[in-house]
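These numbers come from the heavy atoms of this one structure, side chains and all, not from hydrogens, waters or symmetry mates. Nothing here was measured: the structure is a model prediction, and the numbers come from that model. Along the sequence shown, the residues carry numbers beginning at 1.
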Amino acid sequence: MDDAEIFVGASDADQYLLLKYANRHGLVAGATGTGKTVTLQTLAEGFSAFGVPVFLADVKGDLSGISQPGGDNPKAVERARALKIDGYKGRGFPTVYWDLFGDKGHPVRTTVSEIGPVLMARLLQLNDTQEGVLNIVFKVADEQGLLLLDFKDLQAVLQWTAENAGTLTTKYGNVSKQTIGIIQRALLTLEQQGGERFFGEPALDLKDMIARDPSGYGYVNVLAADKLMESPRLYSTFLLWLLSELFQVMPEVGDADRPKFVFFFDEAHLLFDDAPKALLDKIEQVVRLIRSKGVGVYFVTQSPLDIPESVLGQLGNRVQHALRAFTPKDQRAVKTAADTFRPNKKFAAAEAIVELGVGEALVSFLDAKGVPTPVERCLIAPPQGRIGPASDAERAAVIKASPLAGKYERTVDRESAYEVLTGRATGGQVHHDDTDAAPSAGQRRRGQYGAPPPAEPTTAAPGPSGPWGSAPAPSEAPAPKPQPRLREAQAPTSAPVPPAAKTPARRSDTLGETIAKSAARTVTTIAVREASKAIFGSGRKGDTGLLGGLVRGVLGGLAK
């Protein structure tokens, strides 16, 4: 029997998930209360036992017990006995707890620049016009050398963009202050939901998730999502960002003997609800291409109808728990689920789906040739970890003993867009110690039940070169940050021209001065008039005045 396979369950024959084809993705579906969570835990433990790190979201809080030994649950013991699992006993698996809010695990953060304008627009529920303006904001920040790290950086650049909207419009197109205001209000709503805690530094280093413990078991990364589910848009956007980051940073590995990382996407319907076509195309592309990078993606949801057909066709490994056919939509879901399986002549899949009991499922995995096996009805194997939540004290002990303890708890607020635009800068930068232990030797065993995983001496442990190849180690000194230019925001550098000299305003006359001047003007006018009469005459008959008399005398003398 091949050692690299996970024992999932049995009916007439044992059902195994081959690790060689585990990166061909999968689906775990079923109605509420039919056993999806236990199946998810069994698969996660199987991957961990073979040295494959796992990420899963703990939506209901009952997956946190995977870190604690189980095996004492009467139903688990009874199922192990029915499946004839020799030496079944409980054991805890190496677990790293994460929490977006930092309450139930190590904080998870990323920077605004890393999440990008497309996912940010979806997170803020922006329309196409508003998303276009947000793209301009990111473009301006990039050209001006402004680092967008946390929430206040984005708010500061939005405010700066609004103040310079007139200048930016001529270069980038219409930048409306009203649209900027809508984006700012959407940010405020997200901030009130606690979303601002997702942005900042130190940002998540994916090498910390893709690692093994000293015994060679893959770490099970459990995200506390019970509180996060109160903001479904933030939950789905975060998981989509994480998946996109894996796609971006992991190198091509081709067909490996086992995955490098397995990603369980619980409540997967939230990823596709109201998603625009461009985003759906992006998700389909990531799911199709990330296989060659050694990443397996498993969607966990209630109905196969929750997954678009373009994505559903990429899922080669299927576990289908019971569905209820109470409504026409339920009946369509049953038919869709049955039609996705390779038929088995022993029974009708559509009839079996509605008859399955708790813990039973229809399964179909890829065989040694990569072909889906005929659907089988089987009883799912019990997990070895605790079925149920870990206590607060147990969780705190695991977090304290974690190799990442203290690495992400302290926030770092270095100089970025907010400090540059407000003229206030603070220092601070963290340097991560990239260390990981190599897996230890082990023995063969049946599936994941038995001895520790086999040694892999050819696989380099994660270190400064990274867990995926021999990339050069980063320099200790941080790269110089480009100085912001802020050309549009700066005033002209030439000296201001002084205002032209003006004639001082004339002082207003007082009332007395006005009367005196008026009287003087009147006297002058009368004197001039009387002098004119004396010289030229008054104009009445016989009154010729002095000048007239003189003229008559001269003319009279000449006449004589």
* Dump the intermediate steps for salt bridge (Lys or Arg N to Asp or Glu O under 4.0 Å) on Lys104 and Asp58, then the final yes or no. => CA-CA 11 Å; Lys104 297 181 178 180; Asp58 189 7; over 6 Å; no

I need the minimum non-hydrogen distance between [X] and [Y], along with the two atoms involved.
X      : Y      : answer
Tyr21  : Asn317 : O-ND2, 3.3 Å
Gly294 : Val253 : N-CG2, 3.5 Å
Pro53  : Met209 : CB-O, 3.6 Å
Ala162 : Ile180 : CB-CG2, 3.8 Å
Leu323 : Pro304 : CD1-CD, 4.3 Å
Asn174 : Ile136 : O-CD1, 4.3 Å

* Asked: Can you check side-chain hydrogen bond (donor to acceptor under 3.5 Å, both in side chains) on Thr327 and Asp330, steps first, answer last?
  -> CA-CA 5 Å; Thr327 66; Asp330 294 337; 3.1 Å; yes

* Rounded to the nearest 0.5 Å, what separation is found between the CG atom of Asp226 and the CG atom of Asp103? ->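 Those atoms lie 9.5 Å apart.
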
* Could you walk me through whether Gln192 and Thr189 pass the side-chain hydrogen bond (donor to acceptor under 3.5 Å, both in side chains) check? -> CA-CA 5 Å; Gln192 291 173 342; Thr189 301; 5.0 Å; no

Whether over 12 other heavy atoms sit under 6.0 Å from [X] [atom1]:
X      : atom1 : result
Gln193 : CD    : yes
Asp392 : CG    : no
Asp128 : CG    : no

* Would you kindly say whether Arg288 and Ser310 are connected by a side-chain donor-acceptor distance under 3.5 Å? =>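 Arg288 vs Ser310: no donor-acceptor pair found between side chains.
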
Please list, one pair per line, the donor and acceptor atoms closer than 3.5 Å that link side chains of residues 113-121 to other protein atoms, with sequence neighbours excluded.
from   : atom 1 : to     : atom 2 : distance (Å)
Ser113 : OG     : Leu148 : O      : 3.0
Glu114 : OE1    : Thr110 : OG1    : 2.7

* To do: Please work out which of the three classes, parallel, tilted or perpendicular, describes the rings of Tyr235 and Phe265, given edges at 30° and 60°.
  =>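 Answer is perpendicular, since the angle exceeds 60°.
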
* Could you check whether the rings of Phe55 and Phe263 sit parallel, tilted or perpendicular, using 30° and 60° as the cut-offs? =>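 Parallel.
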
* Asked: Can you check side-chain hydrogen bond (donor to acceptor under 3.5 Å, both in side chains) on Gln41 and Glu45, steps first, answer last?
  -> CA-CA 6 Å; Gln41 183 170 340; Glu45 291 180 358; 3.2 Å; yes

* Derivation and outcome, side-chain contact (heavy atoms from CB on, under 4.5 Å), residues Val300 and Leu56 -> CA-CA 10 Å; Val300 184; Leu56 52 88; over 6 Å; no

* Can the positive tip of Lys227 be found less than 6.0 Å from the middle of the six-membered ring of Phe101, inside 45° of the ring normal? ->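 Ring-cation test returns yes.
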
* Stacked cation flag Arg395 on Tyr97, 6.0 angstrom / 45 deg ->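 Arg395 over Tyr97 ring: yes.
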
* Apply the salt bridge (charged side-chain N to carboxylate O under 4.0 Å, His left out) test between Glu201 and each candidate in Arg414, Arg109, Lys407; give the one that qualifies. =>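 Going through the options one by one, the only one that passes is Arg414.
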
* Is any NZ, NE, NH1 or NH2 atom of the basic residue among Lys152 and Asp413 found under 4.0 Å from an Asp or Glu carboxylate oxygen of the other? ->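 Salt bridge: yes.
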
* Please check if the distance between the ring centroids of Trp98 and Tyr408 is under 6.0 Å. =>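 Centroid separation for Trp98 and Tyr408: below 6.0 Å.
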
* Applying ring-ring contact (aromatic ring centres under 6.0 Å, His included), name anything that partners Phe151, two or more places apart in sequence or on another chain. =>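 ring-ring contact (aromatic ring centres under 6.0 Å, His included) list for Phe151, sorted by chain: Phe199.
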
* **Side-chain heavy-atom pair Arg197, Leu100 within 4.5 angstrom cut-off** =>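 With C-beta onward as the side chain, the pair stays apart.
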
